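Remarks on the structure that follows.
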2 protein chains.
Amino acid sequence: MAQPTPDPSSIDFAALNLLRVVHELGSFTAAAEKLNVNQSAVSYTIAKLRACFHDPLFVREGGRQVSTDRCEEILARSLQILGMLDEMLQPDAFDPGSATQNVTIACNYYERVLLIPALVNEIRRAAPGMTVKVINALGDGHLRLLNREADVLIGPFARSESGFHSRRLYAEEYACLMDAAHPLADTALDIEGYLGLNHVLIDYGGGWQSAYLRELEAAGHRIDPVVVAPSPAGLATLIVESDLVATVPRRLGEWNADRLKVADCPFPGRFDVSLVWAAHTNASAMHRWVRELVWRVARR
Amino acid sequence: MAQPTPDPSSIDFAALNLLRVVHELGSFTAAAEKLNVNQSAVSYTIAKLRACFHDPLFVREGGRQVSTDRCEEILARSLQILGMLDEMLQPDAFDPGSATQNVTIACNYYERVLLIPALVNEIRRAAPGMTVKVINALGDGHLRLLNREADVLIGPFARSESGFHSRRLYAEEYACLMDAAHPLADTALDIEGYLGLNHVLIDYGGGWQSAYLRELEAAGHRIDPVVVAPSPAGLATLIVESDLVATVPRRLGEWNADRLKVADCPFPGRFDVSLVWAAHTNASAMHRWVRELVWRVARR
DNA sequence: GGCACTCATCGAATTTTTCGATGGCAGGTA
DNA sequence: TACCTGCCATCGAAAAATTCGATGAGTGCC
């Protein structure tokens with residue numbers, strides 16, 4: 001044993017526990033038995049503690065190992081430390097019923113309309129104490145995950161760089177949304193026919209380009225929109241009883257399908273709607289629970 | 001590394017410190033440099049912690065090691081633990097001369113009269129910067145210790161449940177206090193004679209019953225007090241030049257013995273006056289100093 | 001696509017811890 | 001007093017844990 005001070009940080013919790021047991025039993029030998037180790041191992045550890053604390057800790061007095069004042073002092077703190085270790089070891093339990101955390105979900109219009117209502121409903125039903133916050137993902141939802149502004153991101157975001165995990169929720173494609181009385185409402189649209197429509201273009205800005213447009217342009221075409229809107233909000237009111245046609249994700253169209261017709265688009269621009277999360281939330285019980293819920297809501 | 005849980009108690013303080021450094025620097029390699037060890041040693045220790053806590057603790061996100069929520073929790077406690085290690089290494093010094101703490105003593109009338117004056121005197125002499133507060137112990141002095149309302153408790157409290165320590169100060173018994181001119185002042189009291197006296201009964205209330213009364217009633221007797229008082233305060237004035245007799249602890253009687261006579265009581269109700277303290281103050285140097293002082297004052 | 005950097009992992013070297021055995025010391029007993 | 005017994009310190013050997021140096025895989029940045 002290095003004499004002066006053999007690096008106190010090499011003391012482990014087992015040593016503190018050993019101190020406790022020796023104190024309790026007043027005997028190295030008895031402590032060794034209780035801890036299922038050799039007596040000399042106890043001597044060894046006590047010797048190390050003695051060197052670290054520069055104190056005999058226990059002295060023999062009338063057949064018993066009696067603790068010194070310094071030992072009592074060290075022991076008192078050791079007990080606290082052992083208690084904290086126990087707390088630290090408590091697995092990350094999550095009980096929805098009693099949870100009061102907040103969940104922040106980043107997404108865009110599409111998901112806010114189609115998924116969020118049912119999701120919020122489910123969360124509040126299972127975890128009445130929790131709060132839900134929805135923020136716009138825009139184009140940089142991944143950044144919001146990294147900055148811990150959001151717990152999960154839902155949207156058409158392909159699995160991206162490392163540091164993230166993702167789960168594909170379902171496949172989606174674009175379709176054409178028009179008034180049920182539109183002249184072409186009952187015919188299958190060919191490319192010519194589609195390009196010649198009076199288009200409503202949803203341009204979210206921020207450089208985001210919808211998948212059907214990428215497909216269309218990749219094929220060497222372009223469309224000249226009659227109306228450009230920054231989001232699909234109010235789209236139905238715009239289209240109904242008009243000759244306008246919007247190209248939107250099919251499920252979003254069907255959600256409006258009361259008096260509107262949803263028709264196949266020659267440029268379906270298929271994409272996946274995914275659930276994305278930052279690696280640092282991957283193991284968290286609460287996050288796992290939320291992700292499972294998102295999955296279930298999205299699948300029905 | 002044993003997969004499931006490689007004995008958490010083998011975690012040492014160095015490992016917690018390593019966790020801290022990795023968190024601070026966001027890099028295993030940098031932490032290794034700072035700690036003057038090989039990078040693989042850092043990986044090894046982190047791997048062990050990961051296994052112990054069943055959590056990745058750090059995940060790579062955009063070129064940086066980012067901590068998980070669980071890691072933050074563990075880290076918070078680790079910092080406390082490391083702080084406590086420092087305290088343990090730094091012996092708990094208490095210098096009465098420069099101390100400015102407060103000592104709160106819980107006790108009742110008896111001790112306030114017989115012990116507190118000398119004790120306060122001693123404390124103030126040795127530790128002029130300290131303050132002393134005396135509070136009533138009533139019947140629940142132990143609670144005051146647990147609630148940290150008092151540092152020590154002095155009184156006829158037998159050693160009680162775990163969580164407390166106690167030290168017997170001295171034995172005490174009850175005796176009869178009467179005017180020096182009382183007819184029976186110079187005769188030894190037998191049971192008949194005692195029971196027939198004009199008693200002053202001290203009834204502290206709260207269900208507390210003096211030991212001599214328990215003894216007397218256990219023997220099948222009872223007394224009919226002429227006067228009942230809630231505390232021995234002013235008792236001397238009451239008794240002097242009257243035919244009243246009070247049964248009080250002997251030392252309390254002798255403290256009044258100027259013009260009063262203290263006579264043996266046939267029901268002495270012996271008890272111990274003890275010093276009691278909570279386990280959480282057992283190791284504190286300041287508390288040890290106070291307790292030693294109480295012991296010395298009580299013994300003289 | 002190449003380069004630089006980071007962490008995981010492997011075998012070997014090193015250090016720490018444990019074991020089993022022995023010796024000294026103190027207390028209790030004949 | 002002398003012996004006996006139980007307890008802890010210590011020693012060399014064995015086992016286990018940790019560290020090292022090297023290598024490989026994955027990622028970010030040019």
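All values derive from a computational prediction rather than experimental measurement. All chains are named by letter (A, B, ...) in the order of the sequence lines, taking the proteins before the strands, and each is independently numbered beginning at 1.
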With a 4.0 Å limit, can you tell me whether [X] has a side-chain N or O closer than that to the phosphate oxygens OP1/OP2 of [N]?
X	N	result
A:Tyr44	C:dT18	no
A:Lys48	C:dT17	yes
B:Ser27	C:dC7	yes
A:Thr45	C:dT18	yes
A:Ser40	C:dC19	no

TODO: Would you indicate what B:Arg64 reaches in the nucleic acid, counting non-hydrogen atoms under 4.0 angstrom: base, sugar-phosphate, or nothing?
DONE: nothing
[X] has an atom [atom1]; how far is it from atom [atom2] of [N], in whole Å?
X	N	atom1	atom2	answer
B:Arg50	C:dA8	CZ	C1'	9 Å
A:Glu33	D:dC8	CD	C1'	14 Å
B:Asp12	C:dT15	CG	P	17 Å
A:Asn36	C:dC19	CG	P	9 Å

Among [options], find the nucleotide with the atom closest to the side chain of [X].
X	options	answer
A:Val37	C:dC19, D:dC20, C:dA8	C:dC19
A:Arg60	C:dT17, D:dC7, D:dA9	D:dC7
A:Thr29	C:dT17, D:dC7, C:dG20	D:dC7

Could [X] and [Y] be called an ion pair, given the rule that one side-chain N must be under 4.0 Å from one carboxylate O?
X	Y	value
A:Glu172	A:Arg251	yes
B:Arg288	A:Glu73	yes
A:Glu215	A:Arg270	no

Open item on the list: Would A:Arg299 and A:Trp295 count as a cation-pi pair here, with the cationic atom under 6.0 angstrom from the ring centre and within 45° of the axis?
Closed with: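 A:Arg299 over A:Trp295 ring: yes.
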Open item on the list: Under 6.0 Å from the ring centre and within 45 degrees of the ring axis: does the NZ or CZ of B:Arg64 meet both conditions for the six-membered ring of B:Phe58?
Closed with: no
Task: Which residue lies more 5' along DNA chain D, comparing A:Gly163 with B:Gln39 via nearest heavy atoms - done: B:Gln39
